[in-house]
*Asks:* 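Before anything else, here's the structure in question.
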Number of protein chains: 2
Amino acid sequence: MNSSPLAQIPAVETGIGISAVERDVGLGKDTLRVWERRYGFPTPLRDSFGERVYPAEQVAKLRLVKRLMDQGQRPGKLLGQSVAALNEQLGTPATTGDADATADWVVPLLKQRELDRLRGELSQRLAREGLQRFVIETVPALNRRIGDGWMSGEIEIFEEHLYTELIQNLLRASIHGLSSRGTTPRVLLTTIKDEEHQLGLLMVEALLAANGAACVSLGAQTPVGDIAGAARATGAEIVALSFSGACPWRKARDSLIELRAALPPAVALWAGGAGLAGRARKLAGVLTIEGLGDIAVTLADWRAGRTG
Amino acid sequence: MNSSPLAQIPAVETGIGISAVERDVGLGKDTLRVWERRYGFPTPLRDSFGERVYPAEQVAKLRLVKRLMDQGQRPGKLLGQSVAALNEQLGTPATTGDADATADWVVPLLKQRELDRLRGELSQRLAREGLQRFVIETVPALNRRIGDGWMSGEIEIFEEHLYTELIQNLLRASIHGLSSRGTTPRVLLTTIKDEEHQLGLLMVEALLAANGAACVSLGAQTPVGDIAGAARATGAEIVALSFSGACPWRKARDSLIELRAALPPAVALWAGGAGLAGRARKLAGVLTIEGLGDIAVTLADWRAGRTG
DNA sequence: ATAGTCTTTTTGTCCAAGACAAAGCGGTTG
DNA sequence: CAACCGCTTTGTCTTGGACAAAAAGACTAT
């Protein structure tokens, strides 16, 4: 196919087709075309047959937009802005940590499909740092590194899924290894509106388990109605919900209110995740958790209030 | 969303939308529409807004067609046939083994994402049966079971990928554990025209390694030009190619001829896989391998010819 | 002010018919 | 039998229009 070194160079230099953009960025063909019509971006070139050819810079901007949309923003507001402005919005919210550079090692292992070595390396760090530090520091750093890798185009969506599966397996095994007999309190864990927020849920579960709680996770996307029933069935003393950044606040709030009404007053309701960051501090009967680091403290507080 | 038990029942009973078909069957929306226009199949119903609604039976037939297409057949010939006729074409070629029922256990473990237990179960069987029997009997049975599961709609494409990754990791680890020092002959392994045929390649590598050969795998999709170079660089005595059922015979043949010309006469060229089954027995200088079971024998023959 | 309701905008996905290039098939010829 | 060449098949892209689901914004009442 590419035995002739000259044949494909122009195509590579000018850009990629609409299918490739769909695959690499994760925006549907229909969406890409309708954005072009409505918002005037992207503005792909055309090849000799009139088909769209997206230059690399436009693909990069599309990736930025997609990422901000995954955090709940809307395309109409984003597509008009400059790349610099978009980058700023993306840079501010996070810790902009320096620890991210330390996570560079995942990328080559993932790219070259050295999954066994990757798994080994992760296990080793987990053993060295302990579950709590691993979940609070290392995993978020890795997640950020993977996200950045996707942004720059060096990591494909499929590889991101692979990474997520790996981490999840590791955490599950680790949680499973902790003795859950006689531990207290019993915590029921779940999310309402999916996202691939499953990993976040698992991280919370790991922290709770590491601090001696007995967790029951329902997985993601549990209908609000079922949660109360499950809480009764498992005799949970705390119900904890996680909301991703993509979850619109109104829906989060409504779900929490509905669930609070359905739960017995004696059962505590905890809520956390990027979708609530800062906002709903004062919902009656709902305790908002600001970050992963707060989990251990909140649990200790609960115990103090319970026993005292 | 689905708190009202009545709201969604009609939609579930009549069928699924075009996006769901694309996701579940793996045929693009454009393709589905153009088939309808050209071949008169499928003939989806329309909902109140005029959007296509595919009944379950038509989805099942589409899955059949897709599977036969993956074996190299063309849609124009398939879409006119009855489901019975299609099933017959699909039923004949395989071993129609009874061992498949024994592989039923994978499905629940995969569906419930019990990947750790799945991995454990696979490792255990591998240890019990030995690498050779595991690759020749168990893995093909599992593959068939997974394929059937996809056919019946019980397994999603993503879950199939998950399974494949798992098996591949297991085989890689197993191959890695075999000492490769001083073994002979040196075999260069690869495929030309991708497919997800990577797993097949790995199975061959495992068998060769288990029989004392020193394998170097280039992975899938190596350009024909590079193979000869790699053979020289690694000092390989045998070059082995694998062709999936989807690879058209002409391309396989051309590649083999071209490669045979590029390789030194002293280097043997072996070819196998469903893409060659029965056909090209007498290409000059190319040894056709009929099945996984033949690999050990062929290797022994080579050693006999070499030493004697 | 905060919560609830209604209206308006935004946004993704679907539809239709047409077009063309790349790949494959089949018949013909050496 | 093998290689060539024209015809057919087939997937993907195009345009422009349309609408429903979801979210934002305006407004009112507590």
Side-chain angles (χ1 to χ4, degrees), chain A residues 1 7 11 16-23 26-39 41 44-54 65-66 69 72-80 193 246-254 256-258 275 279-284, chain B residues 1 7-8 11 16-23 26-39 41 44-54 65-66 69-70 72-80 193 246-254 256-258 275 279-284:
Chain A
M1 267 302 187
I16 62 180
I18 194 170
S19 283
V21 176
E22 176 175 39
R23 173 171 39 80
L27 295 165
K29 300 194 237 295
D30 280 318
T31 304
L32 288 167
R33 284 192 276 255
V34 92
W35 280 6
E36 185 179 338
R37 200 195 315 166
R38 284 188 188 142
Y39 312 113
F41 185 89
L45 310 172
R46 299 296 176 128
D47 66 7
S48 56
F49 172 51
E51 302 191 346
R52 292 173 172 79
V53 175
Y54 294 83
V65 170
K66 167 76 162 130
M69 278 177 53
Q73 307 224 35
R74 312 194 76 193
K77 316 272 177 181
L78 297 171
L79 286 167
K193 178 79 175 177
C247 183
W249 178 47
R250 303 174 72 117
K251 182 164 291 182
R253 190 188 51 122
D254 291 350
L256 284 172
I257 292 174
E258 186 185 342
R279 304 206 216 195
R281 309 176 191 228
K282 42 185 170 182
L283 274 177
Chain B
M1 269 300 189
Q8 293 194 349
I16 62 179
I18 194 171
S19 284
V21 177
E22 175 176 39
R23 173 170 39 80
L27 294 166
K29 299 193 237 294
D30 281 317
T31 304
L32 288 167
R33 283 192 276 255
V34 92
W35 280 6
E36 186 179 338
R37 200 195 317 167
R38 284 189 188 141
Y39 312 113
F41 186 90
L45 311 171
R46 299 295 177 130
D47 66 9
S48 56
F49 171 50
E51 302 193 345
R52 291 173 174 80
V53 175
Y54 294 84
V65 170
K66 166 76 161 126
M69 279 178 53
D70 287 344
Q73 307 225 36
R74 311 194 75 193
K77 316 272 177 181
L78 297 170
L79 286 167
K193 179 78 175 177
C247 183
W249 177 46
R250 303 172 71 118
K251 183 164 291 181
R253 191 188 49 121
D254 291 350
L256 284 172
I257 293 174
E258 186 185 342
R279 304 207 217 195
R281 308 172 192 231
K282 42 186 170 181
L283 274 176

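The figures here come from the full heavy-atom set of this structure, side chains too, leaving out hydrogens, waters and symmetry mates. Residue numbers begin at 1 in each chain, while the letters A, B, ... track the order of the sequences.
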*Asks:* Mind grabbing the angle between the end helix axes of the helix from C:dA1-D:dT30 to C:dG30-D:dC1? Five pairs an end, 10° rounding.
*Replies:* 30°
*Asks:* Going by side chain to side chain donor-acceptor pair (under 3.5 Å), name the residues that satisfy it together with B:E51, two or more places apart in sequence or in a different chain.
*Replies:* none
*Asks:* Please state how far atom CG in A:D47 lies from atom C1' in D:dT12, giving the value in whole angstrom units.
*Replies:* 12 Å
*Asks:* For B:R37, enumerate each residue passing the salt bridge (charged side-chain N to carboxylate O under 4.0 Å, His left out) test, keeping only those at least two apart in sequence or located in another chain.
*Replies:* none
*Asks:* N/O contacts under 3.5 Å, protein versus nucleotides 13-17 of chain C?
*Replies:*
{"residue": "C:dT13", "atom": "OP2", "partner": "A:T31", "partner atom": "OG1", "Å": "3.2"}
{"residue": "C:dC14", "atom": "OP1", "partner": "B:S19", "partner atom": "OG", "Å": "2.5"}
{"residue": "C:dC14", "atom": "OP2", "partner": "B:S19", "partner atom": "OG", "Å": "2.9"}
{"residue": "C:dC14", "atom": "OP2", "partner": "B:K29", "partner atom": "NZ", "Å": "3.4"}
{"residue": "C:dC15", "atom": "OP1", "partner": "B:R52", "partner atom": "N", "Å": "2.7"}
{"residue": "C:dC15", "atom": "OP1", "partner": "B:R52", "partner atom": "NH1", "Å": "3.0"}
{"residue": "C:dC15", "atom": "OP2", "partner": "B:R33", "partner atom": "NH1", "Å": "2.6"}
{"residue": "C:dC15", "atom": "OP2", "partner": "B:R52", "partner atom": "NH1", "Å": "3.1"}
{"residue": "C:dC15", "atom": "O5'", "partner": "B:R52", "partner atom": "NH1", "Å": "3.0"}
{"residue": "C:dA16", "atom": "OP2", "partner": "B:R52", "partner atom": "NH1", "Å": "3.3"}
{"residue": "C:dA16", "atom": "OP2", "partner": "B:R52", "partner atom": "NH2", "Å": "2.7"}
{"residue": "C:dA17", "atom": "N7", "partner": "B:R37", "partner atom": "NH2", "Å": "3.0"}

*Asks:* Check step by step if side-chain contact (heavy atoms from CB on, under 4.5 Å) holds for B:R74 and B:M69.
*Replies:* CA-CA 6 Å; B:R74 311 194 75 193; B:M69 279 178 53; over 6 Å; no
*Asks:* Measure across A:R46 and A:V53 and return the closest heavy-atom pair with its distance rounded to 0.1 Å.
*Replies:* C-CG2, 4.4 Å
*Asks:* Nearest whole angstrom, please: distance from the P of D:dA22 to the CZ of A:R74.
*Replies:* 12 Å
*Asks:* Between atom CZ in A:F41 and atom C1' in C:dT11, what is the gap in whole Å?
*Replies:* 17 Å
*Asks:* Among residues at least two apart in sequence or on other chains, which ones pass side chain to side chain donor-acceptor pair (under 3.5 Å) with B:Q73?
*Replies:* B:Q89
*Asks:* Rounded to whole Å, how long is the line connecting atom CG of B:D70 with atom C1' of D:dT10?
*Replies:* 15 Å
*Asks:* Can you list everything that forms a salt bridge (charged side-chain N to carboxylate O under 4.0 Å, His left out) with A:K77? Sequence neighbours excluded, please.
*Replies:* none
*Asks:* Applying side chain to side chain donor-acceptor pair (under 3.5 Å), can you list everything that pairs with A:E22, at least two apart in sequence or on another chain?
*Replies:* A:K29
*Asks:* Side-chain contact, heavy-atom cut-off 4.5 Å: B:L32 with B:Y54?
*Replies:* yes
*Asks:* Using whole Å, what does the distance between atom P of nucleotide C:dT9 and atom NZ of A:K77 come to?
*Replies:* 13 Å
*Asks:* Between atom CG in B:L78 and atom P in C:dG24, what is the gap in whole Å?
*Replies:* 15 Å
*Asks:* Using whole Å, report how far CE of A:M69 lies from C1' of C:dT11.
*Replies:* 9 Å
*Asks:* Does A:V21 reach the side chain of A:L27, with side-chain heavy atoms less than 4.5 Å apart?
*Replies:* no
*Asks:* Taking only the side-chain nitrogens and oxygens of B:Y39, find out if one of them lies under 4.0 Å from OP1 or OP2 of D:dT10.
*Replies:* yes
*Asks:* In whole Å, I'd like the distance from the CZ atom of A:F49 to the P atom of D:dT15.
*Replies:* 10 Å
